[in-house]
Amino acid sequence: MQKVLITGAAGFLGSHLCDRFINEGFHVIGMDNLLTGSLDNIDHLFPNEHFEFYHNDVSKFVHVPGNLDYILHFASPASPIDYLKMPIQTLKVGSLGTHNLLGLAKAKKARMLIASTSEVYGDPLVHPQNEDYWGNVNPIGPRGVYDEAKRFQEAITMAYHNYHGLETRIVRIFNTYGPRMRVNDGRALPAFFSQAIRGEGLTVFGDGQQTRSFCYVDDLIEGIFRLLFSDYHLPVNIGNPVEITIQQLAEEILELVDNPKAKIIYKDLPVDDPKIRQPDISRAKSILDWEPKVSRSEGLKKSFEYFKAVVKPS
Ligand code: UDP
């Protein structure tokens, strides 16, 4: 049986990856320091004899006994308010944590996949963003702690690949949504759903004309799975290229939740908030034969089911 280590296992994406690898017949070791993750996301896996959980901070030290075939590094605060609150931890998990895991991968001769991000493109001057674009990042702005940690993570991963011959994979993840997003993580989608369900104002930042492209979590997990088992070591964008304004997203969620007390309100735009974002997924299409399958209306409906169950009325 092949063994995979998934860091950030109790988080949104990490927990979905644990499910996928268990379903595919792997032995899964989940690791998390529970800074932003929640055991609720993986509770259902504990009875499974092929699932183990280590409560551990990968920025400090990582030890896994025995053999290991794959490592997927998904530990990190990932929403703008989280990394503003935890700037040092964010920098450390992307840099020191990645270094520790690359060392582990080298010792175990494991293949390592890192979770990079569309944030490496910053506030992009090229649209849509393809993997050859180097980005427009403000290193000392509030988002710098996340963006630069992830850029360093890519750099050190490539160095281990080139210098040590380590098998590595780099996925650049664009905005993703679905069940198990933390209700209060501050991102647009959980914020709008919880505000609409509670009958509060949906807090659109700025004039709401900034754009994002939202990918349903099942599509993203499929793309990551294919990338891991491909023989391609350069970065690959995984995301849904259907781009919408944040205003439109708020309107769609208002309509879906259909709570007459909820309405849109406007707040200041955060510093360095990217104005546009859309993945160019030509590389994923040609190398992985992958493209998203879940439409936004279907994905939003599934997400609504989840948020209805977890959002407490105010
Ligand atoms: N946003 C918003 N209201 C919120 C949270 C976010 O209008 O309550 C905006 C935010 O300014 C950004 C977009 O929605 O332009 C997506 O933000 P999110 O935090 O979801 O992710 P990002 O893509 O910025 O990392």
Side-chain angles (χ1 to χ4, degrees), residues 11-13 36 74 76-87 90 94 115-124 127-129 135-138 141-151 171-217 220 237-254 257 262-279 296 299-300 303 306-307 311 314:
F12 168 43
L13 298 181
T36 57
F74 277 69
S76 178
S79 85
I81 59 161
D82 282 346
Y83 47 79
L84 289 181
K85 270 190 281 182
M86 296 171 261
T90 303
S116 188
T117 166
S118 54
E119 283 285 327
V120 301
Y121 302 124
D123 192 0
H127 195 71
Q129 295 79 53
N136 178 38
V137 170
N138 174 4
R143 288 180 177 247
V145 296
Y146 184 67
D147 301 6
E148 297 296 2
K150 292 290 188 179
R151 289 167 68 98
V171 56
R172 289 189 181 149
I173 299 170
F174 282 66
N175 294 66
T176 303
Y177 70 100
R180 302 188 193 153
M181 285 188 101
R182 216 172 74 237
V183 171
N184 58 351
D185 86 347
R187 279 188 275 200
L189 203 124
F192 294 164
F193 265 114
S194 52
Q195 291 158 345
I197 291 167
R198 292 185 185 124
E200 297 167 356
L202 275 66
T203 52
V204 168
F205 297 161
D207 60 5
Q209 292 311 299
Q210 68 274 32
T211 68
R212 294 292 186 275
S213 309
F214 294 95
C215 184
Y216 189 66
V217 62
L220 186 96
N237 289 341
I238 299 285
N240 190 322
V242 179
E243 182 181 7
I244 56 164
T245 64
I246 294 303
Q247 172 80 24
Q248 191 182 340
L249 177 72
E251 285 168 4
E252 287 181 11
I253 291 177
L254 262 187
V257 175
K263 61 172 182 2
I264 292 175
I265 58 171
Y266 294 89
K267 300 261 181 193
D268 290 345
L269 192 67
V271 176
D272 292 341
D273 197 282
K275 285 179 273 306
I276 46 175
R277 183 180 289 155
Q278 185 198 45
R296 196 168 61 250
L300 287 179
S303 305
Y306 173 76
F307 286 114
V311 171
S314 55

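Just follow the structure's listing: the first ligand is 1, and inside any ligand the first atom is 1.
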Of all protein heavy atoms, the one nearest atom 7 (O) of ligand 1 is F205 N, 2.7 Å
Please answer whether the main-chain N or O of K275 pairs with a side-chain N or O of D123 as donor and acceptor at a distance below 3.5 Å.
-> yes
Worksheet item: Can you check whether N175 has an N/O within less than 3.5 Å of an N/O in ligand 1?
Response: yes
Looking only at protein heavy atoms, what sits closest to atom 9 (C) of ligand 1 is Q210 NE2, 3.8 Å
| query | Do the side chain of Q129 and the main chain of N237 share a donor and acceptor less than 3.5 angstrom apart? | reply | no
Are any of the N/O atoms in P270 less than 3.5 Å from those in ligand 1? no
Open item on the list: Looking at A115, is its backbone amide N or carbonyl O close enough to the side chain of K150 to form a donor-acceptor pair, meaning the two atoms are under 3.5 Å apart?
Closed with: yes
- Report yes or no: does Q247 contribute a side-chain atom to a donor-acceptor pair with the main-chain N or O of Q209 at less than 3.5 Å? no
At under 4.0 Å between heavy atoms, what of I246 touches ligand 1? The answer is side chain
| message | Contact between ligand 1 and S79 is defined here as a heavy atom of the residue under 4.0 Å from a ligand atom; is it met? | response | no
Discussion item. I want to know if ligand 1 touches R277 in the polar sense, i.e. an N/O pair below 3.5 angstrom.
Written reply: yes
Heavy-atom nearest pair, R277 first then R212, reads NH1-NE, 3.4 Å
Test your reading of the structure: does D273 have an N or O sitting under 3.5 Å from an N or O of ligand 1? yes
When distances are taken from atom 16 (C) of ligand 1, the protein heavy atom at minimum range is R212 NE, 3.7 Å
Does an N or O from A188, backbone or side chain, lie closer than 3.5 Å to an N or O of ligand 1?
yes
Ligand 1 to A191, heavy atom cutoff 4.0 Å, flagged ligand atoms 8 (O)
shortest atom 19 (O) of ligand 1-to-protein heavy-atom contact is with R187 CG, 3.3 Å
Whether T176 side chain and F174 backbone form a donor-acceptor pair below 3.5 Å: yes
of all protein heavy atoms, closest to atom 4 (C) of ligand 1 is T203 O, 3.3 Å
- [ ] Give me the ring orientation class for Y177 and Y216: parallel if the planes are under 30° apart, tilted from 30 to 60°, perpendicular past 60°.
- [x] perpendicular
Measuring from non-hydrogen atoms of G186 to any atom of ligand 1, is the shortest distance under 4.0 Å?
yes
Query raised in the report: Looking only at heavy atoms of R143, does any of them come nearer than 4.0 Å to an atom of ligand 1?
Result: yes
- Task: Would you tell me whether Q195 and T203 have side-chain atoms, one donor and one acceptor, within less than 3.5 Å of each other?
- Result: yes
So the atoms of ligand 1 within less than 4.0 Å of a heavy atom of V204 turn out to be 7 (O)
Residues S194 and V311: closest non-hydrogen pair is CB-CG2, 3.8 Å
Whether the side chain of S79 engages the backbone of D185 through a donor-acceptor N/O pair (distance < 3.5 Å, no angle test) should be reported. yes
